[in-house]
Structures are given as C-alpha cells and as structure tokens.
Amino acid sequence: MKSKIVHTEGSAGVVDPLSGDDDIIVIEHVYKSYGKTQALVDANLRVKRGDVCLIFGPSGGGKSTLLRCINHLEKPDSGAIIVDGIPVSDARTNIDLVRAEVGMVFQLFNLFPHLTVLANVTIAQEKVRRRSKKEAEQVALELLERVGIPEKADAYPGQLSGGQKQRVAIARALAMNPKIMLFDEPTSALDPEMIKEVLDVMLDLAKEGMTMVVVSHEMGFAKAAADCMVFLEGGRVIEEGTPEELFSNPKEDRTRLFLSQILE
Amino acid sequence: MAVATETEKSRPKLIPWTEKIAGLPWWALLILLGGVLIVYFIYTSPTYQDAFWFLISGVRLTILVSLASFVLSLIFGLILGMGRVSKNVIFYTISSVYVEVVRGIPILVLLIYVAYVVTPIGLQFANALGSFMLQNLAIGPVARLAEYLANLDIQGVDMLVRATIGLAFAYAAFEAEVFRAGIQSIERGQMEAARSLGMSYFQGMRYIILPQAIRRVLPPLGNDFIAILKDSSLLSVLAVRELTHLGKLNRARTFRTFETWNTVAFLYLILTLSLSVLVKVMERRMSFEE
C-alpha cells in the first residue's frame, strides 16, 4: 500500500502513474542548465523505499544539482520528479509539504548560528510540524543522544567542531521524521578524524531502513551500506548499479577509470 | 600605538616620551576643552545662560522627532528592504521605485513636498473615503471613524506630524538599503536549510534570516539614527520648534548671534558624540560575538 504525503485534506498533488509502488523517488528525463552550461542532461533515477543510493562522479558533473532537484531547491528546466507519489515540479504542489518529509544535510552544515543546538533541532518541529515546545525538545534531546552529543544541547553552533556540527545537522533533519534523507557531500568539509563520527551516524540510519540519497566519494560507506550507486558525469547518468557490480565489473570505461582514481 | 622599528629604537631620543605623547587621543581632549569652554560660558555669562535655557526645550523636541521618525523609518524600511530582495515582481518594483526616487531627492525638498503636497492630497483621499463610508457602511464604530475621516481638516494635521512623517519617508529609503544589505549578507545556505525543513519563505525570513540580518545591521542603523538627529534640523524650515528653529528665534529675539549658534552647535555635538560612543561600544560587542 502506498503511503502518500498528506497533511491536510485535499493537499499535495496527483499520484503519477510513472511511480511504481516501490520507487519513492522517480526522476525522469530531467534537464537543467545554468546559462550555457548544462548541469543535467536527460537524468533518470529511481530509488526504492528503504534503499541507500550513492551518487558519485567528478566535480561539476551535476551530482549536487540532481540531489537538490529532489527537494526542489533547484528547479529543473524540464522532466518529471516524483517524490512519494507527488510531482514536485508541479505548480499545484505545495512544495513545503514535500520538503517537510525530505530531510537534507549540507556540505557546509548550514546550522542556524543565532540559535542554540537544541533550538536548531526544535525550530522546524514547532513552526512546521506545530509540535509543542515541550514535545519538540523531547524529540530533539533524544536525537542529540542518538547522534552522540546530548551534552551540547545548550551550546551555539560556533562552539562545535565540524563533525559535531554535521551531526547536529543530521539530528535537525531527522527531527521532522522525514521519509527520505538527502546528503550533499556530508563529509567533504570535515577533517579526516571527524569523518568517521558522521559516517557512523549515517550507517546507523541506513541500517534502520531510512531511504537515503547520498552525494559522496566515501567508497567505504558505499560498500558497507549502499544498495545502488550512480555515476554522473557531464550531467548524464553514465552508469548505475549495485556496489558489487560497479566495484568489480563496471560496464563503462569511464566509471572504471574514475573508480580506480579515487580508490587507489 | 606606533610600533618602533629597529632603526627608530636604536636612535637616541631627544626628548623621552615623545612617542607616547603623540599616541594619546589629543582630538578627544581638544573637543573636551571646547566643551568645557562653552560650559564655562553658559555658567558665567548671562547671555549664554539665556540662550541655553531658551534652546533646551528644542533639544527635547529634536530627540522626540528623531526617535519617532526613526522608528517609523525602521518599519517602512524593513518592509521596503524585504521588497528589494523579493522575487515577487510587483513588490520588488514598488520598493525599488520608492528607494531610487526618494534617495534621489534632497531631504529638504522631500520634507517640503510631504508637508505641502502629499499631506493635502492624502487628506482629500481620507475625506472622500470617509464620506463614502458614511454613505455605505456607517455602522457602530465604523461610523465614528468615517465621520472622523470625512471631517478631517488640513489645519488638523499638525506641521510637526507632517515633518516627522516626511523625515521618516526619507530615511525609510536608506534603512531599506541597510536591511537589504543585511539580508543579502546572510549566506544563501541559511534560507536553503530553512526551506529544506519545510519552512515557507516567510517563516525562513522571520525565524532564520531576519534575526541574523538585524543583529548584523545594528551598528549602521545606529549611525543612521545619528544622521536623522542631525537632519531633524531641516524641520526648522517648516517652523517646527526643534533646536535649530529655536536657535533662529533666539537670535531674532536677542540679536546674540555668536552665543546662540555656539550653544546650538554645542547641544547637537553633545547628542551626536554621546550616541556615536554608544554605537562604537555596540560595534565592539558585535565583533566579539562573531
């Protein structure tokens, strides 16, 4: 049975026939260009409910653009993007309702510097989910416990290390009880010794069955948790497959070359 | 404080302590001396004393008018500033036209324009609206408002009110640009993070962007308050009895030109210098917090 994103009566959009029951994210023929540079050319992607999908490829290849199209931070020029049965590019879709169900973690954390860690995690719960302050704080404290920094609840983001910031950012996204989590290079801005603490949290999430789309070059994470991998270059999906397929026997030469370069 | 280089250190000093003495804030001392001199005059000379007590009520009005126009200009300016960063074409266009037009007109001309052109036209609108309401929906409290609007007379709108609104209109354009700069100085990722959590654009503005932007523009806003206080002297052309106008009156009354304008300048300086010290303290505190 398909569960749709519905908060209020008659909200959100139409169920698209393209989306199979299992595919929580469907991206069909998406094009996006900035001026003359083409960021995405006929991009297609399907992510099954509960799957972890890793997008990788050279910089400027359109990875982040593709990811940001899923929660409509980038508006595709053409093509269809259906998230949990809702066409996000449809003008009739209330995008805020979709975004509330899709958590996002950014490369540079984007924590709210004027709010404490606790308030960072509670604010959207209170203003979007309309939870009471007490309930929101309870959820927030549980999540901070889960990402391993309950003692920092009253600190400000400026007082945290990079790894701690990113874990707060994950807690902030999880506090909305999202159905999907998007990670945009979550470890790229971190010092090496802090990468593991963030990846551990992500691995836990993957084990719990969260649907995740991750833009990253952390191949260790891919081997441990990914269900599918997508190689993107020049805005095109060059190759797609399970980690086993791509690591042991990539079909495209370009994929093989790229993987050998980052795995050496 | 000057840092002595190797050569300067090795050279023997003709007079010791010269460097330390040169580094002292002499300008502050000079200003203080001038102030002490005027205070001394006010204390001893009857003509200065007379001017001082005549002018002091103008100081009160100057502060009041400045505060009132400043608060109004902050409200208008915030709305206009949000328009300047808005993607809504109508909102953006209206705000931009306002800011560009008002910034292009001298404040003095704008004040006169608001007092003698905008106010009468606005009153005619109010009168027309009032009589329309009287005829069509005169029920309970609405009837009283309608009657008030319909009978509003040009004499009923004090020049003080017109001048305050004029000054607020002029400064709204400046504050709009300050707020716009403040909003644009917040990293794009902040709004993206807010939106990614399901907040609407206005929720993102209200809870995430504006609290940070306003904190960042507090020092420039403080400077604008000093500027508005100085520009309130222009209200003297509309015969508002603020400090400068009282200065003119006092000179006409006593023919004591030196005493009058020395005291006027002194009183303005006390206000602006103490305010600028406040702004400096604020700036320093902000830079520590960053």
Side-chain angles (χ1 to χ4, degrees), chain A residues 5 7 64 67-68 70-75 94-115 119-131 136 156-159 165 168-184 189, chain B residues 74 77-78 81-82 85-92 175 178-222 279 281-290:
Chain A
I5 299 169
H7 294 280
S64 288
L67 190 77
R68 290 157 60 88
I70 296 173
N71 67 351
H72 216 238
L73 283 181
E74 300 288 346
K75 291 154 193 64
N94 182 345
I95 191 65
D96 295 337
L97 298 184
V98 180
R99 283 179 178 148
E101 307 290 337
V102 181
M104 184 156 191
V105 174
F106 299 86
Q107 179 179 359
L108 297 174
F109 330 122
N110 294 353
L111 292 181
F112 306 134
H114 62 302
L115 300 176
N120 262 278
V121 185
T122 57
I123 187 152
Q125 296 186 62
E126 286 173 39
K127 306 303 176 194
V128 179
R129 285 277 190 251
R130 301 272 165 221
R131 288 177 190 155
Y156 282 87
Q159 300 164 315
K165 280 184 194 168
V168 172
I170 294 174
R172 177 177 72 177
L174 288 176
M176 298 294 287
N177 303 101
K179 293 181 176 150
I180 302 166
M181 284 285 282
L182 310 176
F183 293 83
D184 191 358
Chain B
L74 285 183
L78 184 57
M82 285 178 67
V85 296
S86 172
K87 280 191 183 133
N88 182 320
V89 180
I90 299 171
F91 193 21
Y92 171 80
E175 299 333 348
V178 171
F179 282 121
R180 179 192 57 74
I183 291 169
Q184 285 177 338
S185 78
I186 305 299
E187 306 74 55
R188 249 184 73 190
Q190 291 290 308
M191 183 55 108
E192 281 180 353
R195 297 304 304 269
S196 81
L197 289 164
M199 287 192 204
S200 67
Y201 177 81
F202 280 103
Q203 283 179 321
M205 264 292 164
R206 181 165 160 211
Y207 300 115
I208 307 303
I209 305 298
L210 285 182
Q212 296 182 58
I214 288 173
R215 204 176 298 185
R216 218 170 266 188
V217 298
L218 278 181
L221 288 183
V279 171
V281 169
M282 196 160 69
E283 257 168 3
R284 193 167 303 172
R285 270 183 58 183
M286 311 289 294
S287 64
F288 279 138
E289 275 169 27
E290 287 272 316

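First the proteins, then the strands, lettered A, B, ... as listed; each starts at 1.
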Does any non-hydrogen side-chain atom of B:Leu197 lie less than 4.5 Å from one of A:Met104? no
Would the distance check show the side chain of A:His114 and the main-chain N or O of B:Tyr207 forming a donor-acceptor pair, the cut-off being under 3.5 Å? yes
Side-chain contact, heavy-atom cut-off 4.5 Å: A:Arg68 with B:Glu192? yes
Which of A:Asn110, A:Asn71, A:Asp184 passes side chain to side chain contact (heavy atoms under 4.5 Å, CB included) with B:Ser196? Answer is A:Asn71
Could you tell me which portion of A:Phe106 (side chain, backbone, both or neither) has an atom closer than 4.5 angstrom to a non-hydrogen atom of chain B? side chain
At their closest point, which heavy atom of B:Gln190 faces which heavy atom of A:Pro113, and how far apart are they? OE1-CD, 3.4 Å
Answer key: most heavy-atom pairs under 4.5 Å with chain B among A:Val105, A:Leu108, A:Leu111 is A:Leu111
Looking at chain B, which one of A:Met176, A:Arg172, A:His72, A:Arg99 has the largest number of heavy-atom pairs inside 4.5 Å, strictly under? A:Arg99
Please check if the number of heavy atoms outside B:Tyr92 that lie under 6.0 Å from its OH is greater than 12. no
Tell me if a side-chain donor or acceptor on B:Gln203 pairs with a main-chain N or O of A:Lys127 at a distance below 3.5 Å. yes
